[in-house]
Student: 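Here it is, the structure, as structure tokens.
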Amino acid sequence: MSVLIFIDHLDGHIKKSSLEALSYGAQIAQQTGDTAEGVVVGSVSEDLAALGQYGVKRIHQVEHESLKQLDTQVATRIIAEVAQQTGAKTIVFSNNSTGKSIAPRLSVRLKAGLVPGATALPNTDGSFAVRKNVFSGKAFAHVTINTDVKIISLNVNAFTIIQGEGTAEVVPFNAKVDAPKVKITGTTKTSGKVALTEADVVVSAGRGLKGPENWGMVEELADHLGAALACSRPVADAHWRPHNEHVGQTGVAIAPNLYIAVGISGAIQHLAGVNRSKVIVVINKDPEAPFFKAADYGIVGDAFEVLPKLNEAVKKVKGLA
Ligand SMILES: Cc1cc2nc3c(=O)[nH]c(=O)nc-3n(C[C@H](O)[C@H](O)[C@H](O)COP(=O)(O)OP(=O)(O)OC[C@H]3O[C@@H](n4cnc5c(N)ncnc54)[C@H](O)[C@@H]3O)c2cc1C
């Protein structure tokens, strides 16, 4: 029996969230005495065998001309075939946009129980209870999966990547590849240098910045830290920043290792999308701003004074000044 892990990629590059899913799936396999196997849909430019370092023993790769762009309905059928032929009992996804699109479809197709948004390893001593966040991260629940085949999608940045040694055997898998029902006529790429959902560090700003012309100092800090940019909703609504940077309940939900929020009040709808960040730093001129309650570190001060000083300090530390 196996634990099958979906290996997601973008433009041929394996996503960091896939390395987390591989490490997580390999740990489950170790707990249950099964083999960790991976499945890749489409072609990748990276060395798949090297993913053995994350504990996966075998990788099934399905390549086909029509898989250049991922159609999640087609991918669901392919993964179902791989799962059935390899006797997978547990299937692991990252709970990113691809995982959110495929895992529920696969759950229906395989009549398999699904826990979306897992944050810890399942209890494999009998109950197969999986911990997940509920109520926008305000609480967590332990959800038991009773079906024979179990599907878990792991929250991004909820599990540490475990890198060891080893090489995976890469096996071509001859799956039936249906014609996609959806025709993609064009793709508009987001402009950020670092993908928001994959970023380790995110620098975010809100209405306290007064206008789009003041984002230079925010971008500078993000550049120095190799961070992705984010913003509060009113900032995106006012077209100061693109909507793909909007984080929160109605925007992107993120969980970076470091979230720096500048001139953002910390409304509950904003917090819902960022409160899984490991460390939160808040810069706000109002000491009563609600965000300080959720912050690990806070600077009470005017962003227009604090950010230039912070940029200078970071430049010095990085040897750029
Ligand atoms: C259904 C619903 C869904 C929503 N979804 C989202 C969502 O997904 N994401 C989201 O962000 N919001 C969302 N909102 C909006 C949310 O309620 C807040 O209105 C919003 O987050 C406020 O944005 P802000 O903090 O940038 O602006 P403000 O509330 O105007 O706060 C600006 C902050 O900047 C500080 N400030 C001002 N000048 C300076 C300065 N010079 N230096 C430092 N600090 C300064 C102020 O003290 C203040 O705390 C939603 C609302 C609703 C009703």
Side-chain angles (χ1 to χ4, degrees), residues 95-97 100-101 116-117 133-139 155-158 190-192 194-199 201-225 227-314:
N95 195 32
N96 57 14
S97 56
K100 281 179 185 162
S101 186
N133 282 333
V134 288
F135 303 122
S136 298
K138 283 204 173 305
N155 262 352
V156 176
N157 216 8
T190 55
S191 55
V194 184
L196 186 52
T197 49
E198 296 268 306
V201 182
V202 174
V203 178
S204 186
R207 216 150 39 177
L209 266 282
K210 317 285 184 221
E213 66 282 4
N214 297 321
W215 245 259
M217 54 189 183
V218 182
E219 285 168 341
E220 191 185 334
L221 182 61
D223 266 355
H224 294 327
L225 297 175
L229 285 165
C231 67
S232 65
R233 177 173 161 168
V235 162
D237 285 347
H239 303 294
W240 293 1
R241 297 299 302 173
H243 260 294
N244 58 281
E245 286 182 12
H246 152 204
V247 289
Q249 184 187 314
T250 47
V252 184
I254 54 171
N257 288 326
L258 174 61
Y259 183 71
I260 303 177
V262 189
I264 301 178
S265 56
I268 190 160
Q269 297 88 355
H270 184 85
L271 290 176
V274 303
N275 59 6
R276 287 191 293 111
S277 307
K278 301 259 159 57
V279 175
I280 296 179
V281 176
V282 169
I283 302 170
N284 197 304
K285 70 175 186 184
D286 175 9
E288 301 298 323
F291 220 150
F292 283 121
K293 289 206 178 85
D296 297 284
Y297 300 94
I299 301 176
V300 178
D302 189 325
F304 293 86
E305 287 168 22
V306 175
L307 274 184
K309 284 185 185 154
L310 199 55
N311 277 325
E312 281 313 306
V314 174

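In this chain, residues are counted from 1 in sequence order. Indexing begins at 1, ligand by ligand and atom by atom, following the structure's order.
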Student: What is the closest protein heavy atom to atom 3 (C) of ligand 1, and at what distance does it sit?
Tutor: Arg233 NH1, 3.5 Å
Student: Answer with side chain, backbone, both or neither: which part of Val247 has a heavy atom less than 4.0 angstrom from an atom of ligand 1?
Tutor: backbone
Student: Please work out which of His270, Glu288, Glu305, Gln269 has its closest non-hydrogen atom nearest to atom 51 (C) of ligand 1.
Tutor: Gln269
Student: So, does Gly301 sit close enough to ligand 1 that a heavy atom of it is under 4.0 Å from the ligand?
Tutor: yes
Student: Measure Phe304 to ligand 1 on non-hydrogen atoms and call it side chain, backbone, both or neither using the 4.0 Å cut-off.
Tutor: side chain
Student: If you have a sec, work out which protein heavy atom is nearest atom 24 (P) of ligand 1 and how many Å separate them, to one decimal?
Tutor: Ser232 OG, 3.6 Å
Student: Return the orientation label for the Trp240 and Trp215 ring planes: parallel under 30°, perpendicular over 60°, tilted otherwise.
Tutor: perpendicular
Student: Counting heavy atoms only, which of Asn284, Asp286, Val235, Asp302 comes nearest to atom 48 (C) of ligand 1?
Tutor: Asn284
Student: Please check if the side chain of Asn311 supplies one atom and the backbone of Met217 the other of a donor-acceptor pair under 3.5 Å.
Tutor: yes
Student: Quick one: does ligand 1 sit under 4.0 Å from the side chain of Ala267, the backbone, both or neither, non-hydrogen atoms only?
Tutor: side chain
Student: Identify, for atom 30 (O) of ligand 1, the protein heavy atom at the shortest distance, and state residue, atom and that distance.
Tutor: Arg207 NE, 2.9 Å
Student: What class does the angle between the rings of His270 and Phe291 fall in, given that below 30° is parallel, 30 to 60° is tilted and above 60° is perpendicular?
Tutor: perpendicular
Student: What protein heavy atom lies closest to atom 38 (N) of ligand 1? Include the residue and the distance to one decimal.
Tutor: Lys210 NZ, 3.0 Å
Student: Only counting residues at least two apart or in another chain, list the ones meeting side-chain contact (heavy atoms from CB on, under 4.5 Å) with Asn275.
Tutor: none
Student: Numbering the atoms of ligand 1 from 1, which are under 4.0 Å from a heavy atom of Gln249?
Tutor: 7 (C), 8 (O)
Student: Identify the protein heavy atom lying closest to atom 31 (O) of ligand 1, giving its residue, its atom name and the separation to 0.1 Å.
Tutor: Ser265 CB, 3.5 Å
Student: In the protein, which heavy atom is nearest to atom 44 (N) of ligand 1, and how far is it?
Tutor: Lys285 N, 3.2 Å
Student: Can you name the atoms of ligand 1, numbered from 1 with element, that are less than 4.0 Å from a heavy atom of Gly251?
Tutor: 8 (O)
Student: Does any N or O atom in Ala303 lie less than 3.5 angstrom from one in ligand 1, N or O only?
Tutor: yes
Student: Are any of the N/O atoms in Gly206 less than 3.5 Å from those in ligand 1?
Tutor: no
Student: Heavy atom of Gly273 under 4.0 Å from ligand 1?
Tutor: no
Student: Show which side-chain atoms of residues 301-309 pair as donor or acceptor with protein atoms under 3.5 Å away, not counting sequence neighbours.
Tutor:
| from | atom 1 | to | atom 2 | distance (Å) |
| --- | --- | --- | --- | --- |
| Asp302 | OD1 | Phe304 | N | 2.8 |

Student: What distance do Ile283 atom CD1 and Ser204 atom OG have between them, rounded to the nearest 0.5 Å?
Tutor: 11.0 Å
Student: For atom 32 (C) of ligand 1, what is the closest protein heavy atom, and at what distance to 0.1 Å?
Tutor: Gly263 O, 3.6 Å
Student: Which is closest to atom 39 (C) of ligand 1 in terms of heavy atoms, Gly208, Gly248, Pro287, Pro234?
Tutor: Gly208
